[in-house]
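Working notes for the structure below.
Hydrogens, waters and symmetry mates are skipped; everything else that's a heavy atom, side chains included, is used. If you're wondering where the values come from, they're calculated on a predicted model, not measured in any experiment. Labels below follow one simple rule: chain letters A, B, ... track the order of the sequence lines, proteins then strands, and each chain is numbered from 1.
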There are 2 protein chains.
Amino acid sequence: MSEMELDNRGREILREIIRNFIHSGEPVGSRTISKIHPEGLSAASIRNIMADLEEMGYLMQPHTSAGRVPTDRGYRYYVDSLLTGMEVPRSDRERVAEAVRGQGGLPEVLAEISRVISSITHQVGFVVSPDHTLAILKHIEFISLGSKRILAILVDRSGVIHNRVADTSEEISQEELDKIGKYLVSEYHGKTLTQIREALLQKMKEEKARFDTLLSRALALGTQFLQAQEEADQQVFVQGTSNILQQPDFSDMEEMRRIFETFEAKGRLVKILDEVVGSEGLRVVIGSEHPDPALAHLALVVSPYKVGDQPAGMLGVLGPTRMEYARAMALVGYISKLLSRILTVPPS
Amino acid sequence: MSEMELDNRGREILREIIRNFIHSGEPVGSRTISKIHPEGLSAASIRNIMADLEEMGYLMQPHTSAGRVPTDRGYRYYVDSLLTGMEVPRSDRERVAEAVRGQGGLPEVLAEISRVISSITHQVGFVVSPDHTLAILKHIEFISLGSKRILAILVDRSGVIHNRVADTSEEISQEELDKIGKYLVSEYHGKTLTQIREALLQKMKEEKARFDTLLSRALALGTQFLQAQEEADQQVFVQGTSNILQQPDFSDMEEMRRIFETFEAKGRLVKILDEVVGSEGLRVVIGSEHPDPALAHLALVVSPYKVGDQPAGMLGVLGPTRMEYARAMALVGYISKLLSRILTVPPS
DNA sequence: ATTGGCACTCAGCCCTGGAGAGTGCCAGGA
DNA sequence: TCCTGGCACTCTCCAGGGCTGAGTGCCAAT
């Protein structure tokens, strides 16, 4: 094996080194691997291979006389090519099931899921709530709060409740509001919010000339609230941030502070996640691969989940690059599939 | 001045020491104070006074040859007797006003307030949302989500929206639900949720014998949801946790972890706050005075706010005991009064 | 190609000694 | 009686030096 490609033995050694490091957190030396190695290579031979792996950028030494530590590139190779698939243990599946079965609306369930992820992996778990615009209209209701303030309550097919307050230019009576609500439901029941908004805009153009005040008000009100809804931030549930502090890998307070700041600024977090997550399938982002430097020493395992056939939200795990990738990936994959199923075919 | 009581000069010195320590974070020595002191006492005299203050438990030395540091008792005395009242600067008042004026419902405003508190004090800011049970009914609506699942939406007089999903024992049609909602509103509009619940329970006893299904269902449904509502956790908005990490006062990771855990477990946090907050007025809890050991090195400035004449929620600041008490107290007091006013006379 | 051997490097630890900050106490002065 | 200057003392902090243990890189032998 020279500098070009990784032969089979090199891969085996690399895997063993990373596995070891993930569990111990200590730089791993040639002797350690030599003892484990099935074919019984001597420490000296391992050293040669290690030197090669280092040259290729998969490993590095914290200092001259220490063992080796994986680089981000090393983890990347490990995740892409060395990882053996893993089942989610039965006990974990049960904990997830329990969280999903829980009482309360979707927000409560998502919060509970983030809690379970955090608790199983001992890392930071997160769930980003589904995109509102994909919600399918089931019921809409307008309630006058007095003097031109109107509250809109919208229920989607899976029982998620969206609400929004806005001001209108003119006073509208409660009866009229009821009628407008009924009209919108009867007309657009079963459509997604985006579809409805488009349909309303279309109709507004067509009907402009006419003077059916009820209808025009319905259109105005509907578009106004759907617009607001689209702009509303997605909710983010983050749990287990204190786990990050446990990790001995971190000692730099200033960096730590920036990480916590990122967790707190939910909007920024979603943006970062949006940048890296695809429309399909699980992604792993490791250390320096992150677009945001605040996460430069963290690894992210994230997967989108769907509502119907549209990607709607995402969930995952954040932790130090020294992370049990296999476990985290299995869990995140499992939950994202489960959640997609639940949201697509609503319970009952 | 001997061991018994603090004479005027002792108080002056103590105040100066604490002021100094709050700003520098370094143990303060006799020379430093001697230089500041208006009456021009020598360092040696200051030392004698310091020794007395230490004996009385207001100060301590981290080690023999260091300056003095306030004890929790010292801070307590400072807060109770040495603090000169302070105005909230105009610029801060404006930032608060802006947060309150913001678009969106109450939750958004409260979240924004916690953010402003954190940003002004550079500490952790928090707001606990008002107790649901004090809300005054304006509108209630039941929506069937199919197969015995029912969503209740309740709007109170200040425009806050509460919603809750629950299962019923038998299917109820949407028309019936509408009727039930209308009935409850017409009957109990303007009452608080607690009052309503009691009235309903009362009525249930009386009407037990009769067989008006609509009425009995209304009663059952109403009590069920109001019950659930009372049990619902109060929301807590916590912001600026990362500021805690900036503080050089903390270095013990394990303790830090426990603090962050406490911030994350909102329920536990509310319980702790409930224990210390009174029904009226601002409270300061310093270090070891805390009932919960997790906060043993933190200081808390907290005040309840009211809806009408009932204490409803609370808000405040959490930070190291080395905190700018005057500023924090002024700000928390100011905001709590402002919030009480807003919630009592809702912005039309 | 693999291995045992050997020299080398470096973090971690403990010890030491000097500098600096601050104290406690004492004796002299208003 | 209270205040103050002076002085010895204590203790942290830091830098330097020596030792140990872990682990490496390289070389010559198999």
Salt-bridge criterion met for [X] and [Y] (N-O under 4.0 Å):
X	Y	value
B/R76	B/D80	yes
B/E261	B/R257	yes
B/D292	B/R268	yes
B/E12	B/R9	no
A/E255	A/R258	no

More than 12 non-hydrogen atoms from neighbouring residues, nucleotides or ligands closer than 6.0 Å to CZ on B/R31, yes or no?
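It does not: B/R31 CZ has 12 such atoms or fewer within range.
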Counting only heavy atoms not in B/E87, do more than 12 sit closer than 6.0 Å to its CD atom?
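No, CD of B/E87 has 12 or fewer neighbouring heavy atoms, counting only those of other groups under 6.0 Å.
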Looking at [N], I'd like to know if its phosphate oxygens (OP1 or OP2) sit under 4.0 Å from a side-chain N or O belonging to [X].
X	N	answer
A/T64	D/dG23	no
B/R9	D/dC2	no
A/S45	C/dT3	yes

Closest listed nucleotide, where the reference is the side chain of A/Q61 and the choices are C/dT23, D/dC3, D/dT24:
D/dT24
Round to a whole Å and report the spacing from [atom1] of [X] to [atom2] of [N].
X	N	atom1	atom2	value
B/D52	D/dC3	CG	P	11 Å
B/H63	C/dT23	NE2	P	10 Å
A/K35	D/dA22	NZ	P	10 Å
B/I46	C/dA21	CD1	P	19 Å
A/I49	D/dG23	CD1	P	17 Å
A/I33	D/dA22	CD1	P	17 Å
B/E26	D/dC11	CD	C1'	16 Å
B/N20	C/dG22	CG	P	11 Å

Close N or O pairs between protein and nucleotides 5-9 of chain D (under 3.5 Å):
unit_1, atom_1, unit_2, atom_2, d
D/dG6, O6, B/R47, NH2, 3.1

Report yes or no: do A/R68 and A/Y58 form a side-chain donor-acceptor pair below 3.5 Å?
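Judged by distance alone, the side chains do not pair up.
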Toward the 5' end of DNA chain D, by each residue's nearest nucleotide, A/V28 or B/P62
B/P62
Name all pairs fulfilling the side-chain hydrogen bond (donor to acceptor under 3.5 Å, both in side chains) condition that reach into residues 324-333 of chain A, sequence neighbours left out, sorted by first residue then second.
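Of all non-adjacent pairs touching residues 324-333 of chain A, none passes side-chain hydrogen bond (donor to acceptor under 3.5 Å, both in side chains).
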Who passes side-chain hydrogen bond (donor to acceptor under 3.5 Å, both in side chains) against B/S30, sequence neighbours left out?
B/R47
The criterion is side-chain hydrogen bond (donor to acceptor under 3.5 Å, both in side chains); which residues satisfy it with A/S336, sequence neighbours excluded?
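Scan of A/S336 (side-chain hydrogen bond (donor to acceptor under 3.5 Å, both in side chains), adjacent residues dropped) gives A/S303.
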In dot-bracket form, 5' to 3', how is DNA chain D paired? Count Watson-Crick and G-U wobble pairs only if both distances fall under 3.5 Å, and write | where the partner sits on another strand.
||||||||||||||||||||||||||||||
Counting only non-hydrogen atoms, which of residues 65-73 of chain A are less than 4.0 Å from DNA chain D?
A/S65, A/A66, A/G67, A/R68
In the structure I gave you, are the side-chain heavy atoms of A/M256 and A/L245 within less than 4.5 Å of one another anywhere?
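The answer is yes, as the side chains (C-beta and beyond) meet within the 4.5 Å cut-off.
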